[in-house]
Amino acid sequence: MGSGHYFWAIFYFASLCSASLANNAKINFREKEKKVLDQILGAGKYDARIRPSGINGTANLATMVKVNMFLRSISKIDDYKMEYSVQLTFREQWTDERLKFDDIQGRLKYLTLTEANRVWMPDLFFSNEKEGHFHNIIMPNVYIRIFPNGSVLYSIRISLTLACPMNLKLYPLDRQICSLRMASYGWTTNDLVFLWKEGDPVQVVKNLHLPRFTLEKFLTDYCNSKTNTGEYSCLKVDLLFKREFSYYLIQIYIPCCMLVIVSWVSFWLDQGAVPARVSLGVTTLLTMATQTSGINASLPPVSYTKAIDVWTGVCLTFVFGALLEFALVNYASRSGSNKSNMHKENMKKKRRDLEQASLDAASDLLDTDSNATFAMASQFQRGGGQQKPLVRHPGDPLALEKRLQCEVHMQAPKRPNCCKTWLSKFPTRQCSRSKRIDVISRITFPLVFALFNLVYWSTYLFREEEDETF
């Protein structure tokens, strides 16, 4: 009897274990998910048109939706259209008490849906969006997760082209703030409120590369808007971009400086080299004008003056001034040569007049001497043959004139002065005025351009630092 009792006990225990294992083997969690979905989303059990209740199922409170995002890439920032393109993973999370289910003792963590129209969705839209599209390669990049406590997580990957109003006064030494705004379209703050997720609501991919820009930082904020139909919840994230200056230094500033310096070469050319100086001035002027038009073609037509406009305008003025300087030199050279020719003619005329006057004076002197000789001879005959000495009195005007002429011809030449010799290279005559204009321009143009650079860079770099601190 004892052995038979033990046998039946062991048989009964083995039967219970095999039954338990059979029951566990029969449980299909995928089938359980289907039953749960049919239970909570079945016909007549859930209406996606009705928004969830507020906190703790309070019907008269607004539904709280927490938002966070992950910035995957920023493809372009267009200065002309004032827009930028971004690709992001956008997430929303809220609680819907109607979607609670049994998690089978923690074995069913969440349910996954790929159809967003099966549950209620917040009516969020991007207020500064220009274009946008979803990603459907290979499958639609979207999912909805429903947790046992009724929490709903919605995630989708989207690409957006957003408006970004820019202030280009400091271009290309500027910083731009581009915003991403999200708001409710139909539900007011009494029914729906958007909140940033605690912790880290905005994440950015590592090693984000931007063309000609650097993402310095980003800030999250709220931007609720009031209209005639009520107040609507709004979120925004401000992206602060700094423009990379090295590109513009190589492509714009250095070539403009080189063109200005090349235009100064005409100051060292001979004033008679008219074709060379005109060709140099016109070529640099046209090149500078072409570069200026190319810069403006990539920027929107704005009503204010940009930093790049000041730079190109002053450089164009210097190049144009070098061309006008040659026109002034040419005019001064021609007017000086005409006056020099007139001066030479006048000098020749005066020289001929002086020669004629000297000839007349010599003939008068000869007549006077002959008369004096005749008088002396007569006097000698009257005096009995005694001749008086030929001595002039000190007051005699003829003797004084002859002495002055001898002193003039006997004067010793003066020693040359080194300063006067150096200054004689640029005399004050009209024919050398053009040369003096070239010499003055060689010094004036570089000095004024260096002074402009000092004022320009100190002004705009100081403004850039003020914007950065702000």
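As the structure is a computational prediction, the values presented were derived from the model and not from experiment.
- Going from atom CE of Met69 over to atom CD1 of Ile156 covers 13.0 Å, rounded to the nearest 0.5 Å.
- Here CG of Asn128 is found 5.0 Å from CG of Leu162. Values are rounded to the nearest 0.5 Å.
- Residues passing the disulfide (SG to SG under 2.5 Å) test with Cys257: none are found, sequence neighbours excluded.
- A donor-acceptor contact under 3.5 angstrom links the side chains of Thr63 and Arg51, judged on distance only.
- Between Lys109 and Asp103 there is no salt bridge, since no side-chain N of the basic residue sits under 4.0 Å from a carboxylate O of the acidic one.
- Using a 4.5 Å heavy-atom cutoff, the side chains of Leu219 and Val237 are not in contact.
- Under a 3.5 Å cut-off, the side chain of Trp120 and the backbone N or O of Pro52 do not form any donor-acceptor pair.
- We find that Arg175 and Glu216 are joined by a salt bridge, their nearest charged nitrogen and carboxylate oxygen being less than 4.0 Å apart.
- Residues that satisfy the salt bridge (charged side-chain N to carboxylate O under 4.0 Å, His left out) test with Lys100, not counting sequence neighbours, are Glu97.
- Thr214 and Glu244 are linked by a side-chain donor-acceptor pair at a separation below 3.5 angstrom, with hydrogens and angles left out of the test.
- The backbone N or O of Ser233 sits nowhere less than 3.5 Å from a side-chain atom of Tyr222 that would complete a donor-acceptor pair.
- Arg98 has its side chain within reach of Ile50: a pair of non-hydrogen atoms, C-beta onward, lies under 4.5 Å apart.
- A 4.5 Å side-chain heavy-atom check between Asn141 and Asn136 finds every atom pair outside the cut-off.
- Here Ile77 contributes atom CD1 and Arg243 contributes atom CZ; the two are 8.0 Å apart, rounded to the nearest 0.5 Å.
- Between Phe449 and Phe445, the ring center distance fails the sub-6.0 Å criterion.
- For Phe126 and Tyr185, the ring centers sit 6.0 Å or farther from each other.
- Looking at Phe194 and Leu124, their side chains come closer than 4.5 Å, going by heavy atoms from C-beta outward.
- Tyr253 and Trp457 have tilted rings, their planes meeting at an angle from 30° to 60° on a 0 to 90° scale.
- Using modelled atom types and a 3.5 Å distance limit, the side chains of Ser151 and Gln93 yield a donor-acceptor pair.
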Let me have the donor-acceptor pairs involving side chains of residues 310-325, under 3.5 Å, with sequence neighbours excluded, atom names and distances please.
residue	atom	partner	partner atom	Å
Thr312	OG1	Ile308	O	2.9
Thr312	OG1	Asp309	O	3.3
Thr317	OG1	Gly313	O	2.7
Glu325	OE1	Arg277	NH2	3.3
Glu325	OE2	Ser441	OG	3.3

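- In this structure, Thr283 contributes its side chain and Leu280 its backbone to no donor-acceptor pair below 3.5 Å.
- Using a distance-only test at 3.5 Å, with no hydrogens or angles considered, a donor-acceptor pair links the side chain of Asn224 to the main chain of Cys234.
- A heavy-atom distance below 4.5 Å is not found between the side chains of Tyr80 and Met82.
- Phe70 meets the side chain to side chain contact (heavy atoms under 4.5 Å, CB included) test with Arg72, Thr89, Arg91, Gln203, Val205; sequence neighbours excluded.
- In this structure, CZ on Arg107 lies 11.0 Å from CG on Asp102, to the nearest 0.5 angstrom.
- Classification of Asp438 and Arg436 as a salt-bridged pair fails, no side-chain N sitting under 4.0 Å from a carboxylate O.
- Geometrically, Arg442 engages Trp268 in a cation-pi contact, judged by NZ or CZ lying under 6.0 Å from the ring centre and within 45° of the ring axis.
- Side-chain atoms of Asp123 come within 3.5 Å of backbone N or O of Trp187 as a donor-acceptor pair.
- Rounding to the nearest 0.5 Å gives a distance of 5.5 Å between CG of Asn296 and NZ of Lys306.
- A search for side chain to side chain contact (heavy atoms under 4.5 Å, CB included) contacts involving Ser73 returns Gln87, not counting sequence neighbours.
- Residues that satisfy the ring-ring contact (aromatic ring centres under 6.0 Å, His included) test with Tyr248, not counting sequence neighbours, are Tyr171.
- Side-chain atoms of Leu215 and Leu210, non-hydrogen and from C-beta on, do get closer than 4.5 Å to each other.
- By the 4.5 Å heavy-atom criterion applied to side chains, Cys164 and Met166 are counted as neighbours.
- Side-chain contact between Pro446 and Trp264 is present, with heavy atoms from C-beta onward closer than 4.5 Å.
- With rounding to the nearest 0.5 Å, the separation of CG in Asp191 from OH in Tyr232 is 10.0 Å.
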